[in-house]
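The structure appears right after this line, and notes come after that.
Lettering of chains follows the sequences in order, A, B, ..., and the numbering in each one begins at 1.
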Protein chains: 2
Amino acid sequence: MDSQTEWPRGQRSAFVASHIRDLIVSGALPHGQRINERVLTEQLGVSRTPLREAFKILESEGLVMIEPNRGATVIKISHEDVELAIEVLIGLESVGAERACERATPAQIAEIERLHLDMVANYRAGELMQYFHINQTIHQKIVDCAGNPNLTRIYHGESSRIRRFRYAGNRVPERWARAVYEHEQILDALKQRQGPLLREVLRAHHLNGWRITRSVLESENPQSGEDASRT
Amino acid sequence: MDSQTEWPRGQRSAFVASHIRDLIVSGALPHGQRINERVLTEQLGVSRTPLREAFKILESEGLVMIEPNRGATVIKISHEDVELAIEVLIGLESVGAERACERATPAQIAEIERLHLDMVANYRAGELMQYFHINQTIHQKIVDCAGNPNLTRIYHGESSRIRRFRYAGNRVPERWARAVYEHEQILDALKQRQGPLLREVLRAHHLNGWRITRSVLESENPQSGEDASRT
DNA sequence: TCCCCCTATATTGCATGCAACATGGGGAGG
DNA sequence: CCTCCCCATGTTGCATGCAATATAGGGGGA
């Protein structure tokens, strides 16, 4: 990152945190790697103070681990961890789904439908990356419809923490097709405001998705569990 | 707090965060109040650096709000917010309950039963504060039984954020008695490892509890909603 | 009298300096 | 040759200084 661009005073640590979050989620910073403060301050063009504040933010999001006198380390995420995080996400989405069906405004539902159609178009075009991105947005938006800021915040945190591990599953064509079908069901349930149905469809969607994703990851990275780095 | 006690190097911001968290949760720092850095550094005997790091931690826990050039403000929690937080807690406990029934060790269940009996004894003795404290512990332990560290972490955060608003309900004798009865059901469902039942019992328990608590708070503090400070 | 602007002061955001601690490599002893 | 210890170097934790911004209060103009 070029140190030319000066970030505005007052939000520097937030931007730095966001940047490092991207580095971790995208895999540019491998899991388990210690982060050298000096290197990052030079790359980002900020001083150590906002950087260290960013570490604290990322630590409480569960993305890095800070050890006294040893600084920040990107946390290692095993498949087990991802599975446990998905368990939490299912719980959060269950609440979100039911409340969304009660509280979503027509405009919100229309926006999700737009996103859905866009996502399907990207599926047809074989644009996996775009598809994946819109997919994440749809899930977040559904949760947002519940009108519960805490829910939104927590869901977003947990979701982005494991994002990069959930990408692989759709590389299996059958799974990708099936996922799109499941999303049709999701949209229908939401439009018909059938909370319990939406909850169950989402639950199954995540469990199915993870089952395939896990097997893909394990076949690509046979030692599996302990360190699940590069995709 | 006396500045005599020196906190160990390397954990100062964590301890400071924990201290401020207590100040907020206990109500010593009123909701909506701006926090002056200088005053707190003097009270706590640390410099501004760890204090500001602590603010970042507390911000991502949703306890304070940081505005550029205006520093940290204790977040205002309305009854609406508490209700929304309870919604999240119910979602988390739903997952926790089902997994706990699958994964809890006999030792864990025995410990919860011990806590339960202790809590009932405190009920009989009219020890509301003790009762309340053990009550919180039981709910946390049930969630812990799910063996999901993320779930434990998030549940704990959300739960402590609104803790002080959930105390009032049991001052109504009928509610208190009913709550104890509901806890019998909770314990039974757990011992019999009936996940869905436990989930529903917990859900009802929280909804009932909050319904009464809210009415108590509103009768004590008629303007209600906007600022729900001193109990 | 009231309102607005301008200035003095307080407070925050960030950079940097210093001390504590970790780390790695070379030499002495076995 | 191996091991352990010690020191040189690098890195982190925290305190502090400086600049940018907020804020309060008084004086001037309408």
Side-chain angles (χ1 to χ4, degrees), chain A residues 1-21 23-24 29-61 63-76, chain B residues 1-21 23-24 29-61 63-76:
Chain A
M1 190 56 29
D2 44 346
S3 47
Q4 267 67 333
T5 50
E6 274 257 330
W7 280 312
R9 174 192 165 94
Q11 315 186 34
R12 228 162 281 189
S13 56
F15 280 124
V16 170
S18 159
H19 186 90
I20 302 176
R21 195 182 296 117
L23 291 180
I24 295 174
L29 276 174
H31 294 182
Q33 177 151 106
R34 269 181 70 182
I35 306 177
N36 184 303
E37 288 183 4
R38 190 179 48 78
V39 173
L40 259 164
T41 53
E42 284 168 10
Q43 279 185 4
L44 301 180
V46 298
S47 81
R48 290 175 59 213
T49 306
L51 177 63
R52 289 174 53 78
E53 289 177 357
F55 284 163
K56 295 294 178 186
I57 296 171
L58 296 171
E59 184 184 36
S60 53
E61 289 176 5
L63 278 170
V64 309
M65 172 180 64
I66 301 180
E67 295 164 293
N69 297 316
R70 305 194 65 233
T73 304
V74 181
I75 215 148
K76 280 188 185 171
Chain B
M1 192 53 33
D2 44 347
S3 48
Q4 268 67 336
T5 50
E6 275 256 333
W7 280 312
R9 173 192 166 94
Q11 315 186 38
R12 228 164 281 190
S13 57
F15 280 122
V16 170
S18 158
H19 187 89
I20 301 175
R21 194 181 296 117
L23 291 181
I24 294 173
L29 276 174
H31 295 182
Q33 176 151 107
R34 268 181 72 184
I35 306 177
N36 184 301
E37 289 183 1
R38 191 180 46 78
V39 172
L40 259 159
T41 53
E42 284 168 8
Q43 279 183 3
L44 301 179
V46 298
S47 82
R48 289 175 58 215
T49 305
L51 177 62
R52 290 175 52 80
E53 290 177 356
F55 285 162
K56 295 292 178 186
I57 296 171
L58 297 170
E59 184 185 35
S60 53
E61 289 175 6
L63 278 169
V64 310
M65 172 180 62
I66 301 181
E67 293 165 293
N69 298 315
R70 304 193 66 235
T73 304
V74 181
I75 216 144
K76 278 188 184 169

Given side chains that start at C-beta, do those of [X] and [Y] come closer than 4.5 Å, heavy atoms only?
X	Y	answer
B:Glu53	B:Lys56	no
B:Thr49	B:Arg12	no
B:Pro8	B:Phe15	yes
A:Ile20	A:Leu51	yes

Q) For A:Pro68 and B:Pro68, take the nucleotide of DNA chain D holding the closest heavy atom to each; which residue's nucleotide lies nearer the 5' end? A) A:Pro68

Take the protein atom [atom1] of [X] and the nucleotide atom [atom2] of [N], then report the distance between them rounded to whole Å.
X	N	atom1	atom2	value
A:Ile66	D:dT12	CD1	P	11 Å
B:Glu53	C:dA15	CD	C1'	14 Å
B:Lys56	D:dG13	NZ	C1'	18 Å
B:Glu67	C:dT11	CD	C1'	14 Å
B:Glu37	D:dT16	CD	P	14 Å
A:Arg52	D:dA15	CZ	P	11 Å
A:Glu42	D:dG10	CD	P	13 Å
B:Arg12	C:dC21	CZ	P	10 Å

From the list [options], which nucleotide is the closest neighbour of the side chain of [X]?
X	options	result
B:Pro50	D:dA15, C:dA15, C:dC18	D:dA15
B:Arg9	D:dA20, D:dA15, C:dA19	C:dA19
A:Thr49	C:dT12, C:dT16, D:dT16	C:dT16
A:Arg48	C:dG17, C:dC14, D:dT16	C:dG17

At under 4.0 Å between heavy atoms, what does [X] touch on the DNA or RNA strands: base, sugar-phosphate, or nothing?
X	value
A:Arg70	sugar-phosphate
A:Arg38	sugar-phosphate
A:Leu51	nothing

Q | Earlier contact from the 5' end, DNA chain C, for B:Gly71 and A:Asn69 | A | B:Gly71

Q: Please state whether the phosphate of C:dA10, meaning OP1 or OP2, lies under 4.0 angstrom from any side-chain nitrogen or oxygen of B:Asn36.
A: no

Q.
Check this one for me: any side-chain N or O of A:Arg34 less than 4.0 Å away from OP1 or OP2 of C:dT23?
A. yes

**Q.** From A:Ile57 atom CD1 to A:Glu59 atom CD, the distance as rounded to the nearest 0.5 Å
**A.** 11.5 Å

